[in-house]
Novice: 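I am attaching a structure below and will ask some questions about it afterwards.
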Amino acid sequence: MATTSTAEPYVPDTDRLPDLARAAAECRGCELYQDATQTVFGRGPAGAVMMLVGEQPGDVEDQRGEPFVGPAGKLLHRALAEAGVEPDRTYLTNAVKHFAFTMRGSRRLHQTPKRGHIVACRPWLAAELGSVRPKVLVALGATASQALFGPSFRLSQHRGEVLRLPAEDQSPTTDVLDPLVVATIHPSAVLRAGDNRQAMYDGLVEDLQRAAALLS
Ligand code: URA
Ligand code: SF4
């Protein structure tokens, strides 16, 4: 893979979400587009007040072309409802817009995206942020957190805190962009949990409630 992988040349100079989504469908900014079915761009209304960032599309998302429509997405929607967040106030997206996987027999096994993929795909996330301009931003899991705060960010140390984006990211457009950010676990971590699944789910809901409280 070329070390210069970046989505940058594919990102149009617009803050219109439909135009960004259309352009993202043609992205070849890193090699992940080669094996995945399609780009899974973010979804939600332009006026969404809360933006949630996951890791990357899963198997179901890759086939449907929409974020968070598989098992982890169902759990996330349930947790958001429990936290009192209406779906039409949210914009859902991922740090990486193509599904990364390895084949195990005929099954496609999710692969954690590499730093290079996160960095390559970051211009799309920046464009979405600049377009939606959410009041509150929620990072779901370590990958999303590191996409926003850099590779040295430790989710375990900052989970549930109210954070600000690094100063250099606060102006991707001409206006200052300064959402309140909450980092929490990824919904798929709840699905993978064994005996303490309920406690992990409750913790996710609690963090989402904290994020929701920042909206008012
Ligand atoms: N996990 C994610 O991080 N994003 C999705 O869209 C689905 C599962
Ligand atoms: Fe482009 Fe991101 Fe897909 Fe890579 S993962 S091809 S940078 S949209």
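On a predicted model such as this, the values are computed, not experimentally measured, just so you know. When a ligand or atom number is given, it counts from 1 through the structure's own listing order.
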Novice: Which atoms of ligand 1 have any heavy atom of P67 under 4.0 Å away?
Specialist: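 Heavy-atom distances to P67 below 4.0 Å select 6 (O).
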Novice: Going by side-chain hydrogen bond (donor to acceptor under 3.5 Å, both in side chains), name the residues that satisfy it together with T93, two or more places apart in sequence or in a different chain.
Specialist: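 With sequence neighbours excluded, T93 shows a side-chain hydrogen bond (donor to acceptor under 3.5 Å, both in side chains) to K97, E128, given in chain and number order.
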Novice: Give me the nearest non-hydrogen protein atom to atom 2 (C) of ligand 1 as residue plus atom name, then the distance to 0.1 Å.
Specialist: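 The protein heavy atom lying closest is Q56 O, 3.1 Å.
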Novice: Would you say the side-chain atoms of T6 pair up with the backbone N or O of E8, donor to acceptor, closer than 3.5 Å?
Specialist: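 Confirmed, T6 side chain pairs with E8 backbone.
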Novice: Does only the side chain of E61 get under 4.0 Å from ligand 1, or the backbone, or both, or neither? Count heavy atoms.
Specialist: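 The answer is the side chain of E61.
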Novice: Just to confirm my output: which protein heavy-atom neighbour is closest to atom 4 (N) of ligand 1, and how far is it?
Specialist: N94 OD1, 2.6 Å
Novice: Sort by chain and number the protein N/O/S atoms found under 2.8 Å from atom 2 (Fe) of ligand 2.
Specialist: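 Only C121 SG fall inside 2.8 Å of atom 2 (Fe) of ligand 2.
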Novice: Using modelled atom types only, decide if a donor and an acceptor are shared between the side chain of E61 and the backbone of G70 within a distance under 3.5 Å.
Specialist: yes
Novice: For H186 and ligand 1, answer yes if some heavy atom of the residue is under 4.0 Å from a ligand atom, otherwise no.
Specialist: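 Right, H186 reaches ligand 1.
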Novice: Under the salt bridge (charged side-chain N to carboxylate O under 4.0 Å, His left out) rule, what pairs show up with a residue in residues 202-213, not counting sequence neighbours?
Specialist: R159-D207, E206-R210, D207-R210
Novice: Test: salt bridge (charged side-chain N to carboxylate O under 4.0 Å, His left out). Region: residues 43-60. Which pairs qualify, not counting sequence neighbours?
Specialist: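 Every salt bridge (charged side-chain N to carboxylate O under 4.0 Å, His left out) pair that includes a residue of residues 43-60, provided the two are not neighbours, is R43-E66, D59-R108.
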Novice: Taking 4.0 angstrom as the limit and counting only heavy atoms of G54, give me the atoms of ligand 1 inside it, by number and element.
Specialist: 3 (O)
Novice: Got a sec: does the CD of E26 have more than 12 other heavy atoms crowding it under 6.0 Å?
Specialist: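 Atom CD in E26 is not packed in, count stays at 12 or less.
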Novice: Going through the distances and angles, do H77 and F68 end up as a ring-ring contact (aromatic ring centres under 6.0 Å, His included)?
Specialist: CA-CA 8 Å; H77 283 101; F68 290 106; 7.4 Å; no
Novice: Taking C-beta and beyond as the side chain, do V11 and W124 meet within less than 4.5 Å on heavy atoms?
Specialist: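 Yes, side chains in contact.
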Novice: Does the side-chain hydrogen bond (donor to acceptor under 3.5 Å, both in side chains) test come out yes or no for H98 and Q38, once each step is laid out?
Specialist: CA-CA 7 Å; H98 274 102; Q38 58 192 318; over 6 Å; no
